[in-house]
Amino acid sequence: MAVVLSVLLLFCFCFGFHVDDVTGTSGHTAGVFSWYNKFSMMNIDELNRLETGIRNAKDDLMSELMSFPETGTVSTISPGCIKDTVTFPIQALDAFGKPRSGILGESFYWLGNFDECTSLGTYQHCVADMQINAPMNNGTTNLTVPISWGICMPKSCSEDDIEILIKQLDVPFFHLNREPQTGKSDKPPGVVHCNQIPAKSYDAGFICVVTLSSILGFLMLLGAAVDVYIRWFESPQNINGYQRIDSSPGTVDTKSERTPLLTGGTPNDSVHVEVQRHNQTPKKQGFLTRFLLCFAVNRSLEKLLNAKQGDKSVGCLNGIRVLSISWVILAHSLLYPLQQFLYDNTIEAYDFVKRLDFTVVIQGEYAVDTFFLLSGCLLTYLTLGKMAHTNGKLPWGLFYFHRFWRLTPVYAAMILFIIFLDPYIGSGPLWYRYIDHPSCEKYWWRNLLYISNFFPKSEMCMDWSWYLPNDMQFFVISPFILILLHKVPKVGAGLLATLTAISIIIKASLTAKYGMGGGVFGAGGVAGAYWDKIYDKPWTRISPYFVGMAVGFIMVRRPHLRMRPIVVLCGWVLASAVGLVVIYVVNNAFYRDWSLAEQGIYNGLGSFTWASCVGWVILACKNGYGGWINTFLSWNFWVPVGRLTYTVYLVHPIILRNILFSSSNPFSFTIIPISTRFTGGIVLSHMVAFVFALAIEFPFANLEKLLIPSNVEKKKSEKERNKEQA
């Protein structure tokens with residue numbers, strides 16, 4: 001397993017891809033190579049005619065613009081548009097998209113110069129979805145190629161006006177495309193899309209969200225001010241670096257008191273101080289004060305940046321968590337442009353994906369399985385530990401409420417951000433594809449109920465958030481297993497093994513029926529069924545979670561697991577070998593089609609096997625058999641970064657898609673641009689997550705402690721009061 005983690009670490013910072021979204025675009029994968037093969041079948045004369053026709057199309061459009069008032073369709077075009085198109089400034093003509101080289105490599109975006117066009121003030125940049133129908137094989141067949149063409153037109157011209165104008169182009173095989181790829185929208189597909197700045201008018205939703213954000217910001221600052229006041233003027237001694245000299249006269253008595261930074265908090269949230277007062281008891285903080293302290297940005301910052309690890313903590317989990325989310329971000333930073341044909345060398349990109357050293361990257365699905373493993377492991381380890389001290393009794397109602405409260409505030413805030421704020425963040429020639437989020441506007445409630453994975457992907461708001469409903473559904477059924485593991489360990493372990501086997505069989509059977517989506521794995525199976533039938537369903541995803549529960553159970557039952565050196569050596573060798581097979585065996589599917597049976601066996605066992613390998617790493621590291629791997633994964637640096645993982649997971653696709661659709665030109669699939677985009681994406685994602693964590697995640701966690709203090713804290717408070725009275 002050391003080899004596996006080393007390889008993952010290296011490649012996660014050099015390349016990236018994510019198989020969960022690849023499966024959704026497998027038809028596109030096959031289509032890329034199909035187009036390339038058709039291009040390669042064209043003879044030299046056909047290629048020359050194609051090139052000449054494309055270049056003449058732009059000149060014909062210019063000529064049409066110059067003679068616009070004399071055309072026969074003037075009556076159907078708005079008068080303002082006719083007037084403003086009599087003459088064109090040279091900047092507008094220069095901003096038009098020009099045919100690019102690399103058509104054979106799938107360079108289908110001729111976007112022009114967006115900034116040059118919009119800088120004219122009275123002009124707007126529009127994108128026309130065109131289509132090339134190029135004759136080939138001596139005219140017996142046609143090659144259909146979509147082209148997105150950027151044009152600079154007066155603002156007085158509507159999209160309909162521009163469509164009418166473009167229809168007059170007299171090029172035999174170059175015309176408007178009636179089925180453009182405009183992203184997720186319920187609107188009828190258009191062929192001309194003009195970008196406005198801002199992209200939408202500032203509606204009531206925008207104003208409400210901005211107001212709520214301002215209130216949160218005010219509470220953060222006000223809470224910090226209250227905290228500073230308390231530390232300076234109500235505490236006579238130095239507390240966390242704040243100091244005030246008490247000049248009150250009289251005899252001074254000394255006694256010890258435990259002053260919590262947040263009432264109802266945990267011991268880690270508190271400090272011990274010596275209070276020097278003359279016959280004076282500490283002032284009890286009112287509810288309003290404690291409420292404001294929940295939002296104090298300085299306290300949240302202290303908690304976030306605290307890198308200390310407890311003696312009983314499993315330090316390697318922090319490193320595994322951070323590396324896994326980095327893997328996912330890297331994957332999506334490569335995949336999103338590929339989905340939108342936004343690489344100017346798409347053929348080369350797919351050739352690169354087929355490389356053996358890139359295989360570890362396209363297996364990014366296992367990063368998600370690692371998160372399921374960690375979730376099940378921590379839940380079992382912590383909950384069984386508590387049950388051991390309470391004779392198996394826990395407030396299960398609060399158990400569920402805590403989980404819902406832990407996940408939902410940031411999740412809901414992200415949905416609000418996507419619907420009401422995100423459209424105003426960026427601009428660019430392709431921004432129109434991103435500003436509408438009808439699935440979120442219609443089906444946001446499914447996300448907050450954590451049931452969105454039971455519906456088609458096309459109806460899913462924040463489709464990358466499919467992990468959350470699965471994790472919540474696993475959490476809901478976990479108490480039944482945990483109770484058995486506590487009271488009847490053998491029965492609980494047997495049930496865990498049985499449910500794991502059932503999940504593996506179901507996933508393998510469904511994959512053998514529907515296939516893994518074609519593309520990499522061949523043409524077998526049902527197109528488009530992999531996501532909605534298999535990929536995001538809890539009954540196919542739960543096996544790594546069960547493996548995590550088994551690992552947590554072992555950690556509780558055998559807190560100091562001792563193993564012989566030969567067992568440790570065999571464990572690392574076996575985990576490494578099996579992990580490498582799981583990762584790299586799929587590369588074979590690029591060179592021969594896998595049968596449905598082969599796909600079923602691989603997909604059914606892959607997630608379980610990978611989770612078992614990572615589970616060994618956790619057990620080995622916790623019990624002192626991890627060596628330098630444990631030293632690296634337990635590095636204190638991972639602790640504060642790991643606290644941002646959940647928020648980074650939610651926000652990073654928004655950041656990456658903003659970068660993508662704000663771009664004025666297609667991307668290049670080469671190492672340096674890829675590395676730059678990944679680095680920018682991961683840094684920006686953590687910066688935005690940092691803000692969301694301070695403004696929402698940490699304050700709402702504090703509010704839970706304020707409104708529902710734990711029984712432990714209540715008992716501690718009662719003991720302290722009894723001591724003071726005595």
Shortest non-hydrogen separation from Gly492 to Leu485 and the atoms involved: C-CD2, 3.5 Å
Between Glu697 and Arg406, is there a salt bridge with N-O shorter than 4.0 Å? yes
Report the distance from atom CG of Asn306 to atom CG of Leu301, rounding to the nearest 0.5 Å. 11.0 Å
Flag the pair Trp616 / Val551 as yes when at least one side-chain heavy-atom distance between them is below 4.5 Å, and no otherwise. no
Could you walk me through whether Tyr530 and Tyr514 pass the ring-ring contact (aromatic ring centres under 6.0 Å, His included) check? CA-CA 7 Å; Tyr530 182 63; Tyr514 295 105; 9.8 Å; no
Applying side-chain contact (heavy atoms from CB on, under 4.5 Å) to Thr380 and Val556, what does each step give before you reach the verdict? CA-CA 8 Å; Thr380 306; Val556 172; 5.7 Å; no
About how many Å separate CG of Asp536 and CG of Asn453, when rounded to the nearest 0.5 Å? 5.5 Å
Should Leu596 and Lys513 be marked as a side-chain contact (heavy atoms from CB on, under 4.5 Å) after you check the CA-CA gap, both sets of side-chain angles, and the distance that decides it? CA-CA 7 Å; Leu596 290 177; Lys513 178 179 179 179; over 6 Å; no
Between Asn623 and the options Leu561, Ile618, Val568, the side-chain contact (heavy atoms from CB on, under 4.5 Å) test singles out Leu561
Assess whether side-chain hydrogen bond (donor to acceptor under 3.5 Å, both in side chains) is satisfied between Lys507 and Ser607, documenting all intermediate values. CA-CA 10 Å; Lys507 189 174 185 180; Ser607 297; 3.0 Å; yes
Flag the pair Arg541 / Tyr467 as yes when at least one side-chain heavy-atom distance between them is below 4.5 Å, and no otherwise. no
Does Val691 have any side-chain contact (heavy atoms from CB on, under 4.5 Å) partners at least two apart in sequence or in another chain, and if so, which? none
If the threshold is 4.0 Å, N to carboxylate O, is there a salt bridge linking Asp471 and Arg403? yes
Would you give the length of the straight line joining atom CG of Leu605 to atom CD1 of Ile505, rounded to the nearest 0.5 angstrom? 10.0 Å
Checking Cys377 now: which residues fulfil disulfide (SG to SG under 2.5 Å) with it, not counting sequence neighbours? none
Using a 6.0 Å cut-off, check whether atom OH of Tyr649 has over 12 heavy atoms from anything other than its own residue. yes
After noting the C-alpha distance and the side-chain angles of Ser326 and Ile682, does the key distance pass the side-chain contact (heavy atoms from CB on, under 4.5 Å) rule? CA-CA 7 Å; Ser326 300; Ile682 199 169; 3.6 Å; yes
Less than 3.5 Å apart, any donor N or O on the side chain of Thr408 or Tyr450 sitting next to an acceptor on the other? yes
Does a side-chain heavy-atom distance below 4.5 Å link Leu569 with Tyr625? no
Arg355 charged N/C atom sitting above Phe358 aromatic ring, 6.0 Å / 45°: no
Is any side-chain heavy atom of Val581 closer than 4.5 Å to a side-chain heavy atom of Val578? no
On the six-membered ring of Tyr336, is Arg657 placed so that its NZ or CZ lies under 6.0 angstrom from the centre and within 45° of the ring axis? yes
Distance from Asn603 atom CG to Phe608 atom CZ, nearest 0.5 Å? 14.5 Å
Spatial distance of atom NE2 (His332) from atom OG (Ser685) [nearest 0.5 Å]: 11.5 Å
Checking Thr500, Leu378, Leu482 against Met549 for side-chain contact (heavy atoms from CB on, under 4.5 Å), the one that qualifies is Leu482
Under 3.5 Å, is there a donor on one side chain and an acceptor on the other for Lys303 and Asn702? yes
Closest non-hydrogen contact found for Pro544 with Phe372 is CB-CB, 4.1 Å
Check: Leu317 and Tyr381 side chains under 4.5 Å, non-hydrogen atoms: no
Mind telling me whether Trp531 and Tyr535 have parallel, tilted or perpendicular rings, with 30° and 60° as the class edges? parallel
Test disulfide bond (SG atoms under 2.5 Å apart) on Cys440 and Cys461 and set out the steps. CA-CA 4 Å; Cys440 286; Cys461 172; 2.0 Å; yes
Closest non-hydrogen atom pair, Ser324 against Ala367: O-CB, 3.9 Å
Test side-chain contact (heavy atoms from CB on, under 4.5 Å) on Leu448 and Ile415; report intermediate values, then the result. CA-CA 10 Å; Leu448 299 185; Ile415 295 175; 4.1 Å; yes
With a cut-off of 6.0 Å (strictly less than), are more than 12 heavy atoms of other residues, nucleotides or ligands near CZ of Arg564? no
Ignoring hydrogens and angles, tell me if any N or O in the side chain of Thr390 forms a donor-acceptor pair with the backbone of Lys386 under 3.5 Å. yes
Here's one to test your reading of the geometry: is the NZ or CZ of Arg446 within 45 degrees of the ring axis of Phe455 and under 6.0 Å from its centre? yes
Tell me, with the steps shown, if Phe632 and Trp638 meet ring-ring contact (aromatic ring centres under 6.0 Å, His included). CA-CA 9 Å; Phe632 175 74; Trp638 303 127; 5.5 Å; yes
Side chains of Trp594 and Asn588: do they bring a donor and an acceptor to under 3.5 Å? yes
Determine yes or no for a side-chain-to-main-chain donor-acceptor pair under 3.5 angstrom, with Glu598 supplying the side chain and Ser595 the backbone. yes
So, the side chain of His652 versus the backbone of Val648: is there a donor-acceptor pair under 3.5 Å, distance only? yes
Counting only N and O atoms by type, is there a donor-acceptor contact under 3.5 Å from the side chain of Asn470 to the main-chain atoms of Trp466? yes
Please evaluate residues Ser465 and Tyr411 with respect to the criterion side-chain hydrogen bond (donor to acceptor under 3.5 Å, both in side chains), reporting the C-alpha separation (whole Å), side-chain torsions for both, the decisive distance (0.1 Å), and the verdict. CA-CA 9 Å; Ser465 68; Tyr411 196 16; 2.9 Å; yes
Aromatic centroids of Phe399 and Phe475 separated by under 6.0 Å: yes
Search all heavy atoms of Ser458 against all heavy atoms of Ser439 and return the closest pair with its distance. O-OG, 3.1 Å
For the pair Trp405 and Phe700, name the ring-plane relationship: parallel under 30°, tilted 30 to 60°, perpendicular over 60°. tilted
Look at the side chain of Tyr366 and the backbone N and O of Ile583, then say whether any donor-acceptor pair between them is shorter than 3.5 Å. no
For Ile418 and Trp464, the nearest pair of non-hydrogen atoms, with its separation, is CD1-CH2, 3.8 Å
From Thr647 atom OG1 to Phe698 atom CZ, the distance as rounded to the nearest 0.5 Å: 8.0 Å
Minimum heavy-atom separation for His389 to Gly385, with atom names? ND1-O, 2.8 Å
Criterion salt bridge (charged side-chain N to carboxylate O under 4.0 Å, His left out) on Lys537 and Asp532, from CA distance to verdict: CA-CA 8 Å; Lys537 296 301 178 284; Asp532 289 332; 5.0 Å; no
Assess the side chains of Trp327 and Thr370: does a donor N or O sit below 3.5 Å from an acceptor N or O? no
